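Comments concern the structure below.
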Amino acid sequence: MKKMLHLSCLLTLLIACSYQIQAQISPTLSVQGILKKSNGVAVEDGNYGIVFKLYTAETGGTAIWTETQSNVEVSSGIYSAVLGVVNPLTVPFDQLYYLGITVGSSELTPRILLTSAPYALSLIGQTNKFPSSGKVQADSIQVNGGVLARGGAPGLNGANRNGYAFSGNSGDKDSGVFSTGDGKVSLYSNNVEQVTVNPTNVQVNTNLTVGGNLNTNGVAISNNGSISYNGENDWRLVETDYLDNDAEGWEVYDKLSGYSMGWNNPSSLGAAPLVNMGSFIGNVMLPTSNDHVLKKQFSIPGNFTQIKVKFRYYYIDTWGFGGGDRAWAAFASNASGSVVRVGWTQMPAFINDSNGDFNAGATPFAQNGNFYGLPWNAASDSYADGEMTARSIGNSFWLFIGAAVDMDVTDERYAVGAIEVYVK
C-alpha cells in the first residue's frame, strides 16, 4: 500500500499534462513512482523490467492495453517512464481507466485511477467525447449569448434557441442561419425567412439587389436552369450562331424535281457558304441559288415547352418589284419537312438608290446603300430582324430559312446571319 500511495500522488499531475502535449503527434503518458521493499526501504539502484497495463475496472477484468519496458532506471527507489513509446496508446480515453504496474511476477495493488490535469476537467460532460481519433462529440454547441445549434426556426427574439444566431455588437438572436428541415437551410432576419437553400434550388424571399456581377463570369444559368417571375419561366438563350468562323452546323438543301425550293429534300449539299459583308455585318450565309434552303437541326437539353428563334434576314438586289417575293422561315420535325410549320414571312420594303449600285469590278460590299449586289442593280439592299415562336415537340427540332422569289441570283438573292435560339 505504501508503495502505491507514493506512486499515486505522482501520477495525478503527470498523466494528463504529458498526454495533451503529445496528443498531436503520438499519445503518450508520463508516470513516476517509488519502488520499495516490504520493509519500507527503497529497492537497490539499477534497471528493472516493469509491465504497465490499462484497465477499465479497479479490480478484475482484462487489460485493454499493455506495454513492457525492460530497462527502467531506478535511483533511490524512484523511477520515471513514458508510456506509449513501446506500444502506441490506442485507447480512446473516453472513460475512466486504471493503471496496473507489475514488477517481477506480481502486479502491485491497488490499481491507480488515472486523473486529469485541472483545466482538462472542462472536457468532462454527460456525452462529451474527445477521442484520440474519430469524431469529436459534445453535449451542445453554443455561440456567444447561449444560442444553441439545433434544427428549427429561430422563434421571436430567439425564444426557441435554434440554429446559429448572433448576439452582442447590436446582433439579435432571431437573425442568423437556421436549419428548418431535412436538407433545408434558411437565413432569417428578425424571425423572417429571407433566403432558403435546399438540394434543388435557392429561393430569395425578398428583393435581390446585386451591386455587380454575382461572380467573375456574371450570372451563369445552365440549359437546365431558368429564371422565374411569380412562378412563370422567362425565355433563356440556349444557342447562338453568329457565324464568326464557320457555318456552325447550317447546311444547304437543293430543290427536288417538281418543287420550287429545297425544303422537301432530306439530302444536304454540305455546309452553308459564308461571305463577309464587312463592317456592322460580318459573316452571313449566302446560298448560290434561290432554290436552296438553309437548314439546321437543334438538340437542346433540359425541359421546355416553347421555342423562340431570332435571326437577321438580308434582301439583296431587286426584291418585290411586282413579283410578290417573300422571305420565309419555318420549324420542322425532320430534314425532309414532312411536318413543317412556317413561322415567319415578310415582303421587303425598299429605299431606291438613285446613284445605282457598283461599277463593274468594284468591291461588292456595302457601297451606295448595298450589302452585296450586281453592278447594274439600282435597288438598295436591306435587312429585317425575324422572330418566330412555336410549341416544343421535344428536345430536337429543325429550323428552315429560305426565299420565295421569281428570279435567279443575278437579280434577287438572300442571306442569313446572327441566329439566336431561346426556350422556356
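Everything numeric here is computed off the predicted structure, so don't read it as measured data.
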Could you give me the CA-CA distance, side-chain angles and deciding distance for V202 and T196, then say whether side chain to side chain contact (heavy atoms under 4.5 Å, CB included) is met?
CA-CA 6 Å; V202 176; T196 304; over 6 Å; no

Would V309 and L399 count as a side chain to side chain contact (heavy atoms under 4.5 Å, CB included) here? Give the steps.
CA-CA 9 Å; V309 179; L399 294 181; 3.6 Å; yes

For E412 and I316, what are the C-alpha separation, side-chain angles and deciding distance, and is it a side chain to side chain contact (heavy atoms under 4.5 Å, CB included)?
CA-CA 6 Å; E412 297 171 341; I316 300 172; over 6 Å; no

Test log, rule side chain to side chain contact (heavy atoms under 4.5 Å, CB included), inputs E73 and Y48:
CA-CA 6 Å; E73 183 179 358; Y48 289 78; over 6 Å; no

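For the pair V284/V416, no side-chain contact is recorded, criterion being any heavy-atom separation below 4.5 Å from C-beta on. Taking the side chain as every heavy atom from C-beta outward, L108 and T102 never approach each other to under 4.5 Å. At least one side-chain heavy atom of M285 sits under 4.5 Å from a side-chain heavy atom of I419. Side-chain contact check for V91 versus Y97: some heavy-atom pair is nearer than 4.5 Å. When side chains are defined from C-beta on, F178 does not count as touching V185, because their heavy atoms never get closer than 4.5 Å. Proximity of D254 to D291: side-chain heavy atoms (C-beta onward) are separated by under 4.5 Å at one or more points. In this structure, T66 and V51 have side chains that are in contact, with non-hydrogen atoms separated by less than 4.5 Å. Between L83 and V31 the shortest side-chain heavy-atom distance falls below 4.5 Å.
Side chains of S268 and E251: a donor on one and an acceptor on the other come within 3.5 Å. Side chain to side chain, N283 and N276 meet the donor-acceptor criterion of an N or O pair below 3.5 Å. With no hydrogens or angles considered, a side-chain donor-acceptor pair links Q346 and Y315 at under 3.5 Å. Side chain to side chain, S80 and Q32 meet the donor-acceptor criterion of an N or O pair below 3.5 Å.
Here M388 contributes atom CE and T345 contributes atom OG1; the two are 11.0 Å apart, rounded to the nearest 0.5 Å. Distance OH/Y383 to CE/M277: 12.5 Å, rounded to 0.5 Å. Distance check: L29 CG to W65 CH2 gives 7.5 Å after rounding to the nearest 0.5 Å. N265 CG to H292 NE2: the interatomic distance, rounded to the nearest 0.5 Å, is 9.5 Å. Rounded to the nearest 0.5 Å, atoms CG (L294) and CH2 (W250) are 6.5 Å apart. Put simply, CD1 on I307 and CD1 on I393 are 7.0 Å apart, with the number rounded to the nearest 0.5 Å.
For S299 (side chain) and S396 (main-chain N/O), no donor-acceptor pair under 3.5 Å exists by modelled atom type. For N205 (side chain) and E193 (main-chain N/O), a donor-acceptor pair under 3.5 Å exists by modelled atom type. In this structure a side-chain-to-backbone donor-acceptor pair under 3.5 Å is present from S175 to N190. A distance-only check finds a donor-acceptor pair linking the side chain of E248 to the backbone of L243 [under 3.5 Å]. Checked by atom type and distance alone, the side chain of Q69 pairs as donor or acceptor with a backbone atom of V82 at under 3.5 Å. Judged by distance alone, with hydrogens and angles left aside, the side-chain atoms of N290 form a donor-acceptor pair with the main-chain N or O of M407 at under 3.5 Å. Not one N or O on the side chain of N198 forms a donor-acceptor pair closer than 3.5 Å with the backbone of G183. The main-chain N or O of I300 is found under 3.5 Å from a side-chain atom of N395 such that the two form a donor-acceptor pair. Checking side-chain atoms of R413 against main-chain N and O of P287 turns up a donor-acceptor pair under 3.5 Å. Remark: side-chain polar atoms of N71 are not paired, donor with acceptor, to backbone N or O of G49 under 3.5 angstrom.
Taking a cutoff of 4.0 Å between a charged side-chain nitrogen and a carboxylate oxygen, K296 and D241 qualify as a salt bridge. Here R312 does not pair with E420 in a salt bridge; the nearest charged N to carboxylate O distance is not below 4.0 Å.
Across all non-hydrogen atoms, the minimal contact from P273 to V252 is CD-CG2, 3.5 Å. Heavy atoms only, all atoms of each residue included: V74 and Y79 are closest at CG2-CB, 3.9 Å. G84 and L89 make their closest contact through CA-CG, 4.1 Å (heavy atoms, listed as atom of the first residue, atom of the second, distance). Listed here is the closest heavy atom pair of Y188 and N191: CD2-C, 3.5 Å. Annotation for A247 and A271: closest pair CB-CB, 4.4 Å, computed over non-hydrogen atoms. Nearest approach of V340 to A330, heavy atoms of both residues: CG2-CB, 3.7 Å.
Residues passing the ring-ring contact (aromatic ring centres under 6.0 Å, His included) test with F298, sequence neighbours excluded: F397. Listed by chain and number, the residues in a side-chain hydrogen bond (donor to acceptor under 3.5 Å, both in side chains) with S336 are N334 (sequence neighbours excluded).
Remark: K295 qualifies as a cation-pi partner of Y253 under the 6.0 Å distance and 45° angle criteria applied to the six-membered ring.
The distance between the ring centers of W328 and W263 falls below 6.0 angstrom. In this structure, W344 has its ring center closer than 6.0 angstrom to the ring center of Y313.
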Acceptor/donor pairs from residues 52-64 side chains to any protein atom, 3.5 angstrom cut, sequence neighbours excluded:
from : atom 1 : to   : atom 2 : distance (Å)
Y55  : OH     : E107 : OE1    : 2.9

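Annotation: D182, atom CG; neighbour count of heavy atoms from other residues, nucleotides and ligands within 6.0 Å does not exceed 12.
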